[in-house]
Amino acid sequence: MEQERFNQDLLTFLADSPTPFHATQQMAERLSQAGFIELFESEAWNPVAGESYFIRRNGSSIIAWRHAANMDAGFRMVGAHTDSPCLRVKPTPELYRQNYLQLGVEVYGGALLNPWFDRDLSLAGRVTFRQADGSLDTALIDFKEAIATIPSLAIHLDREANKDRTVNPQLHLPVLLGQAEQKQDFRALLKSKLLEQGVTEVVDVLDYELSFYDVQAPAMVGLNREFIASARLDNLLSCFIGLQSLINSDGQQAAVLVCTDHEEVGSASACGAQGPMLAQWLERLLPNNEERNRVISRSMMISADNAHGVHPNYADKHDQNHGPLINAGPVIKINANQRYATNSETSATFRAIAQDVNVPVQSFVVRTDMGCGSTIGPITASEVGIRTVDIGCPQFGMHSIRELCGSNDAHSLYLILQHYYDKARV
């Protein structure tokens with residue numbers, strides 16, 4: 001069955017993408033296998049109509065596109081983000097207390113912290129090192145096996161734990177690596193791992209961007225396998241759906257996928273949605289201002305980022321008419337204060353595309369007495385001037401170390417996005 005194959009491929013992608021660097025590498029490999037050609041920002045471009053291309057920035061953001069012969073109908077854009085809340089290793093992380101070796105961490109993004117306790121954790125990311133000839137190089141690293149944990153404090157030592165246990169990230173989140181009678185050099189450990197992975201020219205590790213992650217594999221769960229449980233569903237789920245939709249598009253339209261880093265911390269970086277990456281790509285592809293502005297005016301962005309499904313134990317956290325159900329279709333996200341970029345025209349366009357492929361859609365509006373999160377949608381709309389709709393698959397446990405979404409919803413959104421990429425006009 002097509003949906004089962006799609007979901008199994010999704011699980012593989014999630015398992016192979018413990019960090020934004022790995023996710024971007026996975027997307028690049030899949031695009032290359034599908035015939036997309038990698039271009040480099042430091043080199044001249046000569047894209048050919050009918051071919052497909054991609055670029056990367058910082059190893060954690062990617063833009064892929066079908067270079068259509070005629071761009072008069074505008075770009076069909078899908079946007080997502082590669083990063084997820086996590087624990088990042090500090091620059092000088094080694095801690096030695098009671099003969100235990102620990103690593104100090106920073107909290108990246110708005111993470112739910114309690115679920116990080118008592119998990120089997122591994123470590124992955126990017127490492128920059130000096131080679132024998134004095135030059136610098138970078139490699140991805142992934143320990144894969146469980147090498148660490150953050151043990152909870154026993155309830156016997158905190159009788160109020162089930163009533164009021166708060167987490168101080170500085171005091172309570174240093175990660176336990178093992179027992180050590182003498183100090184160990186963390187960078188030397190990274191060098192050993194790189195050598196083990198086959199990176200042979202490492203003289204010394206100079207710096208890194210590393211994150212801990214839960215080694216529990218993504219899985220189908222539920223009595224009827226109706227759920228997908230995994231880390232980083234927000235927002236690698238959308239990255240994967242957009243990727244598969246683009247790869248399987250017919251190539252007749254100017255179809256674009258934009259997956260950027262740093263959304264969880266505001267997107268303000270050279271490779272984030274608030275940075276210049278997309279605008280610079282547009283300028284290089286369409287250097288004539290008049291032509292570029294005309295094409296943008298006919299283009300559309302679907303900003304895909306997961307939505308809050310109504311939790312059966314916390315239904316009162318939702319507006320009574322806007323509680324999206326898991327496996328009841330993708331969600332259009334709306335906010336009067338522009339926390340989402342959706343307007344009535346872009347919402348109607350998305351609904352019409354979904355109707356074309358017989359996929360139901362839902363709506364989400366936050367309770368009027370609660371604050372609303374945001375996405376890359378408003379950022380992209382304001383930076384580039386492209387009409388935008390914010391949508392996403394409903395999920396539980398957003399920003400937890402393990403999240404939950406519906407096994408039907410991912411494939412349903414895929415059907416919508418592939419049709420969107422192939423439509424002559426939107």
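Taking the six-membered ring wherever Trp is involved, the centroid distance between the rings of Phe6 and Tyr414 falls below 6.0 Å. Here Tyr213 and Phe143 keep their ring centres 6.0 angstrom or further from each other.
Inspection of the Gln216 and Asp120 side chains reveals no N or O donor paired with an N or O acceptor under 3.5 Å. Side-chain contact annotation: Gln131 with Ser135, donor-acceptor N/O pair under 3.5 Å present. Gln395 and His308 share no donor-acceptor pair across their side chains, judged by distance under 3.5 Å alone. Side-chain polar atoms of Asp390 and Thr375 form a donor-acceptor pair below 3.5 angstrom. With no hydrogens or angles considered, no side-chain donor-acceptor pair links Thr24 and Arg57 at under 3.5 Å. Looking only at atom types and distance, the side chain of His22 has no donor-acceptor partner in the side chain of Asp142 under 3.5 Å away. Using modelled atom types, one finds a donor on one side chain and an acceptor on the other under 3.5 Å when comparing Ser238 with Asn235. A donor and an acceptor atom, one from each side chain of Glu29 and Gln25, are located under 3.5 Å apart. No side-chain donor-acceptor contact under 3.5 Å links Gln253 and Arg66. There is a side-chain donor-acceptor pair under 3.5 Å between His262 and Ser269. For the residue pair Ser61 and Asp261, no side-chain donor N or O sits within less than 3.5 Å of a side-chain acceptor on the partner.
Residue Ile401 is tested with Pro115, Ser84, Pro85 for a side-chain contact (heavy atoms from CB on, under 4.5 Å); the sole match is Pro115. When the options Arg402, Arg232, Arg119 are evaluated for a side-chain hydrogen bond (donor to acceptor under 3.5 Å, both in side chains) with Asp214, the one that passes is Arg119.
Annotation: Tyr100, atom OH; neighbour count of heavy atoms from other residues, nucleotides and ligands within 6.0 Å does not exceed 12. The neighbour count for Glu283 CD, taken as heavy atoms of other residues, nucleotides or ligands under 6.0 Å away, is above 12. The number of heavy atoms from other shown groups lying within 6.0 Å of CG (Asn162) does not exceed 12. More than 12 heavy atoms of other shown residues, nucleotides or ligands fall within 6.0 angstrom of atom CD in Glu43.
Atoms OG1 and CZ, on Thr346 and Arg351 in that order, are 10.5 Å from each other to the nearest 0.5 Å.
Between Thr388 and Ala381 the shortest heavy-atom distance is OG1-CB, 3.7 Å.
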Could you check Phe186 against Tyr208 for ring-ring contact (aromatic ring centres under 6.0 Å, His included), going step by step and ending with a plain yes or no? CA-CA 11 Å; Phe186 179 61; Tyr208 52 78; 5.4 Å; yes
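Although no hydrogens or angles enter the test, the distance criterion places no donor-acceptor pair under 3.5 Å between the side chain of Asp9 and the main chain of Arg5.
Annotation: cation-pi geometry not satisfied between Arg76 and Tyr421 (NZ/CZ under 6.0 angstrom from ring centroid, within 45° of ring axis).
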